[in-house]
*Asks:* 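Let me give you the structure first, and then I'll get to my questions.
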Amino acid sequence: MAAPGRWNNVLIALHDILHVSVRQVFRQRRSSLGIVLAVALGTASLITVLTLGDQLKHDMNRDLDLLGGATVIVAGFTVTDSSAPPQAFLPETVNAIRALPGVEAASAATEHVDWLSLFWRGDNIATPVIGVDEDYWRASGLEAIKGSLFTVREVREGERVCVLGEELAKELFGDQNPVGQYLPIRTEIFKIIGVVGGLQVGDRKKFALLPLTTVVRRSDGVMRADRLIVRCRTWDDVPVVGAAIASILAQRQDPRYLKVAVATKQLERVVSMVWWVQLFVAVSIAATLTVGGFGIWNGMMNAVTTRTREIGLKKAMGAERNDILAQFLCEALTLSLSAALVGIALAFILVQTAGCYLEVSPSLGHFLLNACLSFVFSAALGVATGFYPAKRAARMDAVVAIRYE
Amino acid sequence: MNNQTAIMRVEALTKTYPTAAGEVAVLHGVDLELRAGEMVAIMGPSGCGKSSLLHILGLLAPPTSGRYAIMGQDMFGLSEDRQAAFRREYLGFILQSCNLFENSNVYENLEYPLIYARVPTAKRRAIIERALERVGLTSRIDYPANRLSGGEQQRVAIARALVNNPKVLLGDEPTGQLDRNTGGMVMEYFKHIVRERSTAMLIVTHDREVARQCTRGYTLKDGHLEPLLKH
Ligand SMILES: Nc1ncnc2c1ncn2[C@@H]1O[C@H](COP(=O)(O)OP(=O)(O)OP(=O)(O)O)[C@@H](O)[C@H]1O
Ligand SMILES: [Mg+2]
C-alpha cells in the first residue's frame, strides 16, 4: 500500500518539476536565449566534427596530397655495379603491396621515358612515351578530362591504346576531340582513348601514356616496370607502408638495389598543419561549450539571488530542500537539453550540407549515435553547472530569504 | 470554545541573536496558546521581535530555547524535512507584501502548495477554485499575479495560505500595505475563515483597529507578551 503511493508521489513530483522548470525557462527566454545558443553551437559543431571527422580526414588527405604528394611513396632501383641484371617490380610484388592495409593504390610504371617518333601530318615528331598500369591514375592523382583511361583489361592484353597528356593532345589535334582517333607511333597505329589533365599532370601533359605491357613488349629491355608509385590512404599509413614495401619485395625478389622515397618533409608539414587545424577545432568547440556552461552557471547563480524571495516563500509553504534543489537543477537541465536539441537540429543541417558539398553520404546511424552522445554530454553539462547554484538555493535560510525584498 | 484543546502551545520561548556587539535577546519567556476559531493579535513597536516570533512559530527559524507543540506534537525536535511537512499540513503564511510569484498567474501561485503536498494534478483545479471562491476572486484565476491590485494580491495570498486547509494562519502585518477599506475587507475574510473553518490565526499588526477585531490581543514588550486591554 505504501510503495505504490510513494511511486505515485514521485511521478507527480517529476511531472511538476518538469512542467514548472520548462515554464520558468520559457518565461525567461530572453535571458536564456544566449546561453542556449552558445551550448547549441558547441553541440552542433561537436556532432558535425564527430560525424564527418573521418570523412574529412580522408578528403583532406586527398586534397592536400594533390598539392604536396605527401601520402605518395615512390620506389625504384639504383643499380651501381654494371654486372647486375636489369631490375623490375614483379607483378606479384606489386599485387602484394596493393593488398596492404592503408594502400589506396599501387602502380607499376616505366622509369625511363622513350622518345618515339610520331608521323603526323607529314612531320616526324619525337614524343615522350611511358608505360603505366591501370592503377597509375589513382596512384598519381590523374583524371581523364576527355574519354577514359585504360583499365586492367587493356594492360593485361597489351592493347594498342594510348592516353595523351593535354598539351600533346592540343598540339596534335588543336580544338578537335582526339578520343577515338588513331595515332601512328613508329610502325604501329594506336587508338587514343582519353586525355589526362588537371593540377597533377605536370610534365606528363606532353606525354603519351601507353599500357605498361605494350611498352615493355616492344622494348629491348630498357623499358621495364622499374618504378613503383604507392598512394596511401592517410598520412598515418605512410611510414608503415614505406617499411612494408621493402620486406614484401625481399620475399619475392632481390632487394639489394631497392630504393624507397617517402616525402618526409611534406608529410611532416601536412601532419603538423592538420594537427593544428584539429587543435583549433577542438579548442573552438571546447571554448563554445565552456562559454555555454559558464552561461548556465552564471544564469543560475543570478536566478538564485534574484529569486531569493521566491525561495523563501516556497519554503514557507512547505517546500523541502530537495524540492528547491530539484527545481533549480531541472531548470539548468532544461536549458542545456533544449540547447542540445537545437544543436542536434543544427548539426543535422550542417552534416547534410557538408555531406552535399564533400560529396559523401554520412551514415544516419553514426549521426544518431553522436547526437545521443552529445545529448548525454549536455545533460552532464547542465548538472555540472547547475548543481552548485541549485544547492545554494536549497540551503538558503528561509528567514533570510523571506525578509529579502 | 475556551474548553477546546489548544492547536498550538508555546512555553518559555527565548530567542537571542548573536551580533558583533554580543548577544541580543529579542524574546525571553514567551508563552502563548492558540485554540481553534481564535484570532490573536500581536502588537508592539518596530524591532521588538514580532516577526522573529512569527518565524519561530512558523518553523522557519529555530528558537534559542523553549517548548513548542502543534496538535500536541513537539516541534523543535523535528528534522528540517519533518518541519517542512508540518508547514505544508498545518500552517499558512501571509506576509505584508510581495507574497505572490510575480511571473506566475493566480492559478499557478495557488498550485505550489499543492505541488509540494503531492496533490494529484487532476484534483488541483477544484481545490484552487474553492479557495479563490472564499476570497471572491474566482474570476481572476488566470490573471498574471502582477496585474492584480494590492488588495487583490493580498486576497490571493490568503487563498494560497488556505489552499492546504491549514490549522493555523500566521499573518505578518497582512493589512499593513492596504488602505483602510481594503484592509477592513481583508479582515472580514480572515474573521469569516477563522469562524467557518475553526482555524486559529495569529496576526502581527500595528493597527489598533485590526487588533480590536481579534479574539485576544497582546503587546510584545521586553521580550514577552502582555495582554492588550480592550478599549
Ligand atoms: N538575523 C539577525 N541577526 C541579528 N539581529 C537580528 C536578526 N534578525 C532580527 N534581528 C533583530 O531582532 C530584532 C527584532 O526583529 P524583528 O524583525 O523580529 O522585529 P519586528 O518586531 O518584526 O519589527 P517590525 O515591526 O519593524 O517588522 C530587531 O532589532 C532586529 O534588528
Ligand atoms: Mg516585522
Side-chain angles (χ1 to χ4, degrees), chain A residues 2 4-32 303 306-328 330-331 391 393-405, chain B residues 15 17 51-62 79-105 107-124 144-145 157 160-164 166 170 172:
Chain A
R6 209 184 149 74
W7 276 110
N8 219 12
N9 280 352
V10 170
L11 280 184
I12 293 174
L14 275 180
H15 171 264
D16 282 322
I17 284 168
L18 208 70
H19 181 209
V20 168
S21 308
V22 171
R23 191 170 75 199
Q24 179 76 29
V25 169
F26 183 72
R27 283 189 185 151
Q28 300 192 326
R29 56 189 174 276
R30 258 180 217 215
S31 56
S32 315
T306 53
R307 285 157 67 190
T308 299
R309 175 87 177 175
E310 174 190 320
I311 295 166
L313 288 170
K314 283 181 172 170
K315 287 201 162 185
M317 62 181 67
E320 291 174 19
R321 274 187 183 198
N322 283 341
D323 290 317
I324 308 282
L325 182 88
Q327 194 205 319
F328 277 88
C330 193
E331 280 179 30
K391 192 95 191 158
R395 282 222 184 115
M396 199 175 276
D397 187 324
V399 169
V400 172
I402 231 171
R403 283 182 192 262
Y404 187 89
E405 293 288 326
Chain B
K15 178 77 183 178
Y17 287 114
S51 295
S52 300
L53 175 61
L54 209 71
H55 293 152
I56 293 170
L57 297 183
L59 300 173
L60 294 173
S79 72
E80 197 178 306
D81 283 350
R82 285 297 302 153
Q83 289 192 339
F86 261 90
R87 285 202 293 276
R88 284 199 295 272
E89 234 173 293
Y90 293 105
L91 303 176
F93 279 90
I94 302 136
L95 307 176
Q96 184 170 5
S97 62
C98 303
N99 274 302
L100 304 184
F101 306 127
E102 289 192 355
N103 294 322
S104 306
N105 64 27
Y107 179 88
E108 288 159 7
N109 262 281
L110 266 68
E111 193 186 18
Y112 278 103
L114 304 177
I115 287 177
Y116 298 132
R118 310 282 186 257
V119 173
T121 323
K123 294 185 181 169
R124 290 179 194 164
R160 192 179 60 192
L162 290 174
V163 91
N164 274 346
L170 301 169
D172 197 347

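Only this structure's heavy atoms are used, side chains among them; waters, hydrogens and symmetry mates stay out. Quick caveat: nothing in here was measured; it's all calculated off a predicted structure. Just so it is clear: chains get the letters A, B, ... in the order the sequence lines come, proteins before strands, and each one is counted from 1.
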*Asks:* Under the side-chain contact (heavy atoms from CB on, under 4.5 Å) rule, what do A:Gln327 and A:Asp323 come out as? Steps first, then yes or no, please.
*Replies:* CA-CA 6 Å; A:Gln327 194 205 319; A:Asp323 290 317; over 6 Å; no
*Asks:* Compare every heavy atom of A:Asp16 with every heavy atom of B:Arg124, then report the nearest pair and how far apart it is.
*Replies:*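 Minimum heavy-atom contact is NH2-OD2, 2.5 Å.
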*Asks:* So which of B:Arg160, B:Glu102, B:Arg87 has the largest heavy-atom pair count under 4.5 angstrom toward chain A?
*Replies:* B:Arg87
*Asks:* Measure across B:Ala145 and B:Phe101 and return the closest heavy-atom pair with its distance rounded to 0.1 Å.
*Replies:*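 Taking B:Ala145 first and B:Phe101 second, the nearest heavy atoms are CB-O, 3.6 Å.
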*Asks:* About how many Å separate CZ of B:Arg118 and CZ of B:Arg88, when rounded to the nearest 0.5 Å?
*Replies:* 6.5 Å
*Asks:* At a heavy-atom separation under 4.5 Å, does B:Arg82 approach chain A through its side chain, its backbone, both, or neither?
*Replies:* neither
*Asks:* Heavy-atom cut-off 4.5 Å, strictly under: side chain, backbone, both or neither for B:Glu89 against chain A?
*Replies:*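 Looking at B:Glu89, nothing touches chain A.
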*Asks:* Report which part of A:Val20 has an atom under 4.5 Å of a heavy atom belonging to chain B: side chain, backbone, both, or neither.
*Replies:* side chain
*Asks:* Taking all non-hydrogen atoms of both residues into account, name the closest pair between B:Gly92 and B:Pro166 and its distance.
*Replies:* N-CB, 3.7 Å
*Asks:* Does any backbone or side-chain atom of A:Arg403 lie under 4.5 Å from a heavy atom of chain B? Answer side chain, backbone, both or neither.
*Replies:* side chain
*Asks:* Is it the side chain or the backbone of A:Arg321 that comes within 4.5 Å of chain B heavy atoms, both, or neither?
*Replies:* both
*Asks:* Should the heavy atoms of other residues, nucleotides or ligands under 6.0 Å from OH of B:Tyr17 be counted, would the total exceed 12?
*Replies:*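 Above 12, so yes.
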*Asks:* Name the region of B:Glu111, side chain, backbone, both or neither, that has any atom closer than 4.5 Å to a heavy atom of chain A.
*Replies:* side chain
*Asks:* If you count heavy-atom pairs under 4.5 Å between each of A:Met317, A:Lys315, A:Arg307 and chain B, which one has the most?
*Replies:* A:Met317
*Asks:* Should B:Asn99 and B:Ile94 count as side-chain neighbours, where that means a heavy-atom distance under 4.5 Å?
*Replies:* yes
*Asks:* Among B:Thr121, B:Leu95, B:Val119, B:Leu91, who wins on heavy-atom pairs under 4.5 Å with chain A?
*Replies:*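 Max contact count across the listed options: B:Leu95.
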*Asks:* Between the side chains of B:Asn109 and B:Ser104, does any donor sit under 3.5 Å from an acceptor?
*Replies:* no
*Asks:* Who wins among A:Val400, A:Val10, A:Ile402, A:Val399 for the most heavy-atom pairs under 4.5 Å with chain B?
*Replies:* A:Val399
*Asks:* Is B:Tyr112 close to chain A through its backbone or its side chain, or both, or neither, when contacts mean heavy atoms under 4.5 Å?
*Replies:* both
*Asks:* Relative to chain B, which segment of A:His15 carries a heavy atom at a distance below 4.5 Å: side chain, backbone, both, or neither?
*Replies:* side chain
*Asks:* Find the distance between CZ (B:Phe93) and CG (B:Leu57) and round it off to the nearest 0.5 Å.
*Replies:* 8.5 Å
*Asks:* Tell me, out of A:Gln24, A:Glu310, A:Glu320, A:His19, who's got the most heavy-atom pairs with chain B below 4.5 Å.
*Replies:* A:Glu320
